[in-house]
Each structure stands twice: as structure tokens, then as C-alpha cells.
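Scope of the values below: all heavy atoms of this structure, side chains included, with no hydrogens, waters or symmetry mates. So that the names make sense, note that chain A is the first sequence line, chain B the second, and so on, each numbered from 1.
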Amino acid sequence: MLETLKLRIYQGEQFIKDIENAPMRSQFRGFPKLNSDVDITPCKGVCPTGALNTENLSIDMGKCTFCGACANACKAVEFTNEYKLASTNREKLIVTPETTFEEFRKTAFEVREEIHRIFGRSLKLRQVSAGGCNGCEMELNACSNVNFDMGRFGIDFVASPRHADGIVITGPITENMAYALEDCYKSTPDPKIVILCGACAISGGVFQNSEKLNREFLEKYPIDLYIPGCPVHPLTFINAILCYGATHVGTSELN
Amino acid sequence: MNWIITENNKPVNLQDIPCLDINDLRKEIIEIKKRVVGFFGDKVFDGVKLYVVLADDEEGKLYISSSFFGADKKSYESITKTLPAFHMFEREFFEQYGIEPLGHPWLKPVRDHKKEYPFFEIKGEEIHQVGVGPIHAGVIEPGHFRFMCNGEKVYDLEIRLGYQNRGVEDLFVQNPTNQLAESVCGDSVIAYNLAYSRAMEALAGIQISNRAQLIRLIALEMERAAIHIGDLGAIAGDTAYQMGAAIFGATRTLVINSLLEICGSRFGRGLIRVGGVNFDISQELAENILKTLEKVGDDVKRTTTTMLKSPTVISRLERTGVVSFENAKALGLVGPAGRASGVELDTRFDFPDKWFLDKDDKKFKAAGDVYSRTRIRYKEIMQSLSLIRKFMKMLPDFEGEALYISCTNALASDKFVVSMTEGWRGEVVQTFITDNDGKITRCKIKDPSFNNWYGLAMAVRNNGISDFPLCNKSFNLSYCGNDL
Ligand code: SF4
């Protein structure tokens, strides 16, 4: 017991205090910056997901795996370490040479009034992995570890959809998970939100051409939030949820 | 000649692979007593070619042979009856090509969900069933577990998977990329991408620089250490030793953030490409990482020692979820799960590799229980950390070498190559076949979980159902790696 206590003291505090302004290492590939003055030819054919449009220069963050292959191939693409990549609008994820990060952030979120009213102080989420590779799953688990400690904002993953305010989908939605996913959605009480987490969930990612997917769910039900990444970084996820609750989810007390 | 003998990542000509009558091949497989690492079909003309790849772990060699099933030949005598390690392989071959292994004791679907799944049932007044999944309580991949219990006690567990099936093998034929390789199983990004890249390099006939090789291996060992540390945390969490869960969690963060400092991704995505690596490790970065990892080593050591002194933890781990050596061997378990039961396989050391020379021959007391699977994680974290130190120290010797060689060569035509990499979970095996234009026509992937899921089912037999999560964490098997 004494040993355990000593260990506790030695570890000290591990949590990131200011999650909204947490510094990110410079090597992280986040929000892309495009330059249409540079020759894009060397980038042709390098993108594994079709996120990079070389005809009409743009990157679709909903498809992008942030693999960096394009940036390695030519200088027209650069990745900043900005990690706040989410949007409530699918279209907004498409970045052109004109889109600055500040511009993107200004218009990224449009949240239903109802959401603030209902989820003002806490948000319980049911996560469904529908063909996820365990990358996004591991990062979502990391959101609850001692470093990121998402629980302090009132955001938690819960076991039962009946206790949840919404679902978080990871993976490209395989045929074999389509039924379970829909079942889970139906078991979640209204009003509810649906969050697509990661390139696979948003667009199918590297699996978009697979015959084993069934993405009908996305046509049937409204999607509230898109969080890009491959996998989604915990800071991207937590900040997306905090912005979605627009300073209502716990943060106001924190500041 | 019944077999062609080759090595890891050494392509052979398709036409040099012997083609035997299936009865002879079956007899050969049983007599030669080697370990199965590949048993899969490929469509040819109007029939199916069955390829068999066996490993000789002592000699570090691979034995390859094949058999042809014409359109009218739809069955053969099951090998599983004699060698249980074939059981998933034969099921998979049946599911993919419709050729039935006659007398297979457990011929059920592997990934196909179109048919009703016939769960094994025990009947009796006291027996009840517990069904869990596909969606589990936590943030975990999907799979269905069906327990047959008498009170708390589990008589049998049947695991049904396939929910994650994304058709990965076909996608490799359509458009093989490093990014796809990284996403087959996102907790083993480096292991998968390494196996894939090495196979492609072997097929294209390129030799990558020593520096690039070292950087890859540093990442491979970092991946191993990070996951094992995370798993120690998960095991601590499941024994309600919260302190351990918290500290291991934070310690793992240090390792994956170091990986991010190398290549921009916490899981090492974007680091490896066919032909080499995309990122260098500068002297300064190497020193920083070594400093961080020194702290990691200290913290892991201190926390593990403290945790394993706690009687409340020990009583949960010892003699829980035992897989005997005999069962582990017969089922063909690999990786740490196998090593915890005394099956000492490790492709890093068993197959010729100039970077992995001295296999640690210190005796590990393998009891096959959760405790052993916990201690093997600890042992391997320490081993990985010392390998990383060693590789980092070697980096300056290869200063200035090219990080990658651009690989414009076409792949060699009509080849068959087997690429094995020891990931943290065990051997990742990828086999590729090319046609006479050098195009990939078949990709076969075997995750270590493909062997090991059945080990988990055996482990929980006669244990309390409340120990299932703990057993599960101690294996930490892959759903998507299995489902492909
Ligand atoms: S970083 Fe994104 S846009 Fe660039 S090549 Fe990779 S997936 Fe395509």
C-alpha cells in the first residue's frame, strides 16, 4: 500500500490543463495549407483515397488519411499542426487554397439550438465500431485516460445506447455491422446526435471501393458532426465535442 | 520433390511450386510435422489451386506446396482431424472456395454472415447462455461471444467474428498501397506496413538502406512496447488496480508521442513506404527519445513490480485462464500468447534477420495463465526498449544513407512471396502472388489473432464468467486483423 502511495506521489499530475489550447507537436499533420502557385504535377496519383483533387486543387479532409504522401511529393501541399478539424457540415471539410484555418474555424460549426438546451452540461456517447481498424478506437479510449481526461467535461462513453445522447461511428460501416449499427441507433432515445469519427466513417477512407461495405445508414439518418483524422487525435475529438456543445459542455465552469 | 523450400521474403517462381494430389499433400503435411502459416486458395482457369505454406522455425525456412482442384472436385479429407492447428485455415478455405474438408469437426462460417450461425449448445436444467456483442460495453471492435454457463462457471465459449470484414485482400489486388497496409489492423500499423513493404521490395528486387531498415525496426519495437504497456494498464484496470491503469496509460502516451515526433502520427502512420522510410531520426531526436524511453523503462519497472506485489492483483491473475502448453501447441498459438504457454516462437529470431541475432534464452516460467501473459508483456517491453537503444546507437554508422529508393521497378512476374513480421501480437503473414504482367492477383493475410482466438476460448473454460474480461485483455486479440 505504501509503495502504491509513493508511486502515486511520484507520478504527480498528468492531465492537460487547458485542453482547448493544448500545444501540439510540430510534426503532427493537421489542417492542410494549399498553394496553387506551385506545380502540382508530382502529386498526381499519389493520394490513396482521392482526397486530393489535383485538377481543381483541394483536399477533402473527410477522405484524407493525413498520410503526407502528397506533401512529400510536392510543395503545393503542406500540413500545419492545427488539430481542430471537425465540422458540422460535410462540405466544409473540403479545403481549397483560399481556405485559411481561421476562416475554416469560423464557419465550421452550426449547431441546432436544441442541442445546447439538451446537452448543455453533459454528453453521453455510445461508440460503434463498424469496420474500424482499432486506430480510432484506441484514440477514443485515450480520450478518457489521465492525460486527456475527457470525463471532466461531462463527456463519457457509455455501455448502453439507452443511456446515450448520441452515437459515435468509427470504421467504413461493413455489411456485417450495418444491422447492429442501425439497431443501436434505434435504441438510442430521441433527441440524439450522430458523429462520424475518422476518414473511414466519413467517406470509407482507404476502404471506399470495397464491396463489403453497406453505407445506407448514412443516407437514412442525419449526421450531426464530422471529425476527420486517420485515426482521429484525442485533442481533435475532445475539441470537436466541446465546440459542438459550444462552451456549454462543462467548459464554462472550468474557465 | 514435394515442397519448394524458401525463406522469409524470398520470392519463388509460381511454376516451381510442386503440385500434388491432395491426398498425397495431406499425407505430406501430416508427416513432415511443420507449422502451418498459410493454407489458402487461388482461382486458376476453371478450378482452384490450394497453396500450403509451412514454417520450419528451427531452420528458419518456409516450405511451399500446392494442389489443384478441378471444377468437379469439391472436397478432400480434413487435415484438422489430425492437426487441430489447421482448423481455422480449413474453414476459411471452405468459405472462400466452397471446397469441403470432409470430417472437419467444426466447419462453421469464419466471416460470412449470410447464413445462420450454428452456435454450439449444451443443454441442461442448470445451463444458461450468455450472449455478448457484437457491440461490446466499451470502445472496442465488434464480435459476438456466446457463453454456456453453469452459474458463474463457463463450460464453453464460442466466438463468432466477421463483423469487421472489409474485403482487405481484394482491395490489395485492386490497389495495393502502404496506407491500406497500415489500416488492415490499426493497432499494428508498423508490423503490417513492414510486412507489406518488404514483400513489395522483394518482388521488385530492391534492397533498401541500412538506415531505413533500422528506423523501421525502431518503430516496430516502439509499437510493441507501447501496446504492451497499454495492455498492462488494461489488465490493471480489470483487476481494479486503478493506479496501475492510470500510470501505464500515461506511460504509453510517452512512447506513442515519441513515435509522433518521428513521423507525425502516434501510431507510426506515414513512416514506412515501399523502398524505405519517409522520415529520418536525427541525432538530437534520437537522444530525446532515448531519454524519454529511459523514464518509460523506469516507470514500467516500478509500477509492474509494485502491482505484482499486491495480493489483490496476484490473486486475480494467477491460475486464471490457463492454456496448457499442449493445447497451445496443438492449436498453433503464436506471439506472446503462445510464449506465455511455453510455445517459444518469434519470427524475429527464428528466421534469418541480421538485426535480430541473439534470442533471449533466459528461461521464462510459462504457466499459460493471465499472470504469465502479464509477465511476458513486461519482459517484452524491456526487451523492446533495449533493442531500441541498440538500434538507435547504430544509426550514426549509417549517417547519410538514402532514406528511400524510389521504387519504379515493376514487380517480378509469376512469383509467390511470403512475408512475415513479428508484430506485438505475433507473426503477421502476408503472401502475394503475381501474374505474368507482374500484377498482384492474390493477396493472403494471416493475423496472429487468426491462430489465437481459439486460445482465448480455451482459456476461459471452467473459469468464472467474471474473469472473462481479464482473460480477454491478457490476449488482446484483433477483430479486424482476423476479419480482414
Ligand atoms: S495526406 Fe491526404 S490528401 Fe495527401 S495523399 Fe495522403 S490522403 Fe491524400
Novice: How far apart are the C-alpha atoms of A:Phe28 and A:Tyr83, what are their side-chain angles, what is the distance that settles it, and do they pass the ring-ring contact (aromatic ring centres under 6.0 Å, His included) test?
Specialist: CA-CA 8 Å; A:Phe28 179 77; A:Tyr83 52 79; 7.0 Å; no
Novice: Are the side chains of B:Glu169 and B:Ile445 in touch, meaning some heavy atoms are under 4.5 Å apart?
Specialist: yes
Novice: Of the backbone (N, CA, C, O) and the side chain (C-beta and beyond), which part of A:Glu211 lies under 4.5 Å from a heavy atom of chain B, both, or neither?
Specialist: neither
Novice: Against chain B, label A:Phe207 side chain, backbone, both or neither, depending on which of its atoms sit under 4.5 Å from a heavy atom there.
Specialist: both
Novice: Knowing that exactly one of A:Lys63, A:His233, A:Met61 qualifies, which makes a side chain to side chain contact (heavy atoms under 4.5 Å, CB included) with A:Pro228?
Specialist: A:Met61
Novice: Test side chain to side chain contact (heavy atoms under 4.5 Å, CB included) on A:Met138 and B:Asp187 and set out the steps.
Specialist: CA-CA 8 Å; A:Met138 282 201 294; B:Asp187 53 35; 3.5 Å; yes
Novice: Return the OG to CD distance between B:Ser265 and B:Glu182, rounded to the nearest 0.5 Å.
Specialist: 7.5 Å
Novice: Taking B:Asn175, B:Thr251, B:Thr177, B:Thr253 one by one, which has the highest count of heavy-atom pairs under 4.5 Å against chain A?
Specialist: B:Thr253
Novice: For each of A:Gly68, A:Ser144, A:Pro231, tally heavy-atom pairs with chain B at distances under 4.5 Å, and name the one with the top tally.
Specialist: A:Pro231
Novice: Could you check which of B:Lys309, B:Met243, B:Glu261, B:Arg273 has the highest count of heavy-atom pairs closer than 4.5 Å to chain A?
Specialist: B:Glu261
Novice: Tell me, for B:Arg266 versus chain A, whether the close heavy atoms (under 4.5 Å) come from the side chain, the backbone, both or neither.
Specialist: side chain
Novice: If I measure from the heavy atoms of chain B, does A:Ser210 come under 4.5 Å with its side chain, its backbone, both, or neither?
Specialist: both
Novice: To the nearest 0.5 Å, how far apart are NE2 in B:His113 and CE in A:Met177?
Specialist: 9.5 Å
Novice: What part of A:Asn72 gets closer than 4.5 Å to chain B, counting heavy atoms only: side chain, backbone, both or neither?
Specialist: side chain
Novice: Any idea which of A:Asn209, A:Val158, A:Thr49 has the most non-hydrogen atom pairs under 4.5 angstrom with chain B?
Specialist: A:Asn209
Novice: Looking at B:Gln164, B:Arg252, B:Lys114, B:Arg269, which one has more heavy-atom pairs under 4.5 Å with chain A than the rest?
Specialist: B:Gln164
Novice: With a 4.5 angstrom heavy-atom cut-off, could you sort out which part of B:Leu271 is near chain A: side chain, backbone, both or neither?
Specialist: neither
Novice: At a heavy-atom separation under 4.5 Å, does B:Tyr163 approach chain A through its side chain, its backbone, both, or neither?
Specialist: both
Novice: Top residue by heavy-atom pair count (under 4.5 Å) with chain A, among B:Ala246, B:Gly270, B:Gly249, B:Ser183?
Specialist: B:Ser183
Novice: So does B:Asp299 pair up with B:Lys295, basic N to acidic O under 4.0 Å?
Specialist: yes
Novice: Would you say A:Thr174 and A:Asn176 are linked by a side-chain donor-acceptor pair, where the criterion is simply a distance under 3.5 Å?
Specialist: no
Novice: Taking the basic N atoms (NZ, or NE/NH1/NH2) and the acidic carboxylate oxygens, is any pair closer than 4.0 Å for A:Lys124 and A:Asp165?
Specialist: no
Novice: If you count heavy-atom pairs within less than 4.5 Å of chain A, which of B:Thr303, B:Asp170, B:Ile256 leads?
Specialist: B:Thr303
Novice: Please look at B:Arg111 and chain A and tell me whether the side chain, the backbone, both or neither of the residue comes under 4.5 angstrom of a heavy atom of that chain.
Specialist: backbone
Novice: Do you see a donor-acceptor pair shorter than 3.5 Å between the side chains of A:Ser129 and A:Glu137?
Specialist: yes
Novice: I want to know whether B:His136 and B:Phe145 have ring centres closer than 6.0 Å.
Specialist: yes
Novice: Examine whether an atom of A:Phe148 lies under 4.5 Å from a heavy atom of chain B, and if so say whether it belongs to the side chain, the backbone or both; otherwise answer neither.
Specialist: side chain
Novice: Less than 4.5 Å apart, any side-chain heavy atom of B:Asn178 and any of B:Ser197?
Specialist: yes
Novice: Select one option (side chain, backbone, both, neither) describing which atoms of B:Leu260 are under 4.5 Å from chain A's heavy atoms.
Specialist: both
Novice: Could you have a look at A:Ala180, A:Pro172, A:Cys230 and say which one has the most heavy-atom pairs with chain B under 4.5 angstrom?
Specialist: A:Cys230
Novice: Just wondering, do A:Arg126 and A:Arg162 contact through their side chains at under 4.5 Å, heavy atoms?
Specialist: no
Novice: For A:Ala142, is it the side chain, the backbone, both, or neither that has a heavy atom closer than 4.5 Å to a heavy atom of chain B?
Specialist: side chain
Novice: Measure from the ring center of A:Phe217 to the ring center of A:Tyr221 and say whether it is less than 6.0 Å.
Specialist: yes
Novice: Is B:Phe279 close to B:Leu403 at the side-chain level, that is, under 4.5 Å between some pair of heavy atoms?
Specialist: no
Novice: Using non-hydrogen atoms and a 4.5 Å limit, figure out which bit of B:Leu285 sits close to chain A: side chain, backbone, both or neither.
Specialist: neither
Novice: For A:Gln208 and A:Ser203, test the side chains for any donor-to-acceptor distance below 3.5 angstrom and give the result as yes or no.
Specialist: no
Novice: Give the member of A:Gly131, A:Ala159, A:Gly205 that has the highest number of heavy-atom pairs under 4.5 Å with chain B.
Specialist: A:Gly131
Novice: At a heavy-atom separation under 4.5 Å, does A:Val168 approach chain B through its side chain, its backbone, both, or neither?
Specialist: neither
Novice: Chain A heavy atoms under 4.5 Å from B:Val189: which part of the residue, side chain, backbone, both or neither?
Specialist: neither
Novice: Which atoms of B:Glu141 come close to chain A, meaning under 4.5 Å heavy atom to heavy atom: side chain ones, backbone ones, both, or neither?
Specialist: both
Novice: So for A:Asn147, is it side chain, backbone, both, or neither that comes closer than 4.5 Å to the heavy atoms of chain B?
Specialist: side chain
Novice: Name the region of A:Cys200, side chain, backbone, both or neither, that has any atom closer than 4.5 Å to a heavy atom of chain B.
Specialist: neither
Novice: Between B:Tyr479 and chain A, which part of the residue has a heavy atom less than 4.5 Å away: side chain, backbone, both or neither?
Specialist: neither
Novice: Does any heavy atom of chain B fall under 4.5 Å from the side chain of A:Val206, the backbone, both, or neither of them?
Specialist: both
Novice: Test your reading of the model: is there a side-chain donor-acceptor pair from B:Gln430 to the backbone of B:Cys443, 3.5 Å cut-off?
Specialist: no
Novice: Given that the side chain runs from C-beta out, which part of B:Asn257 has a heavy atom under 4.5 Å from chain A: side chain, backbone, both or neither?
Specialist: both
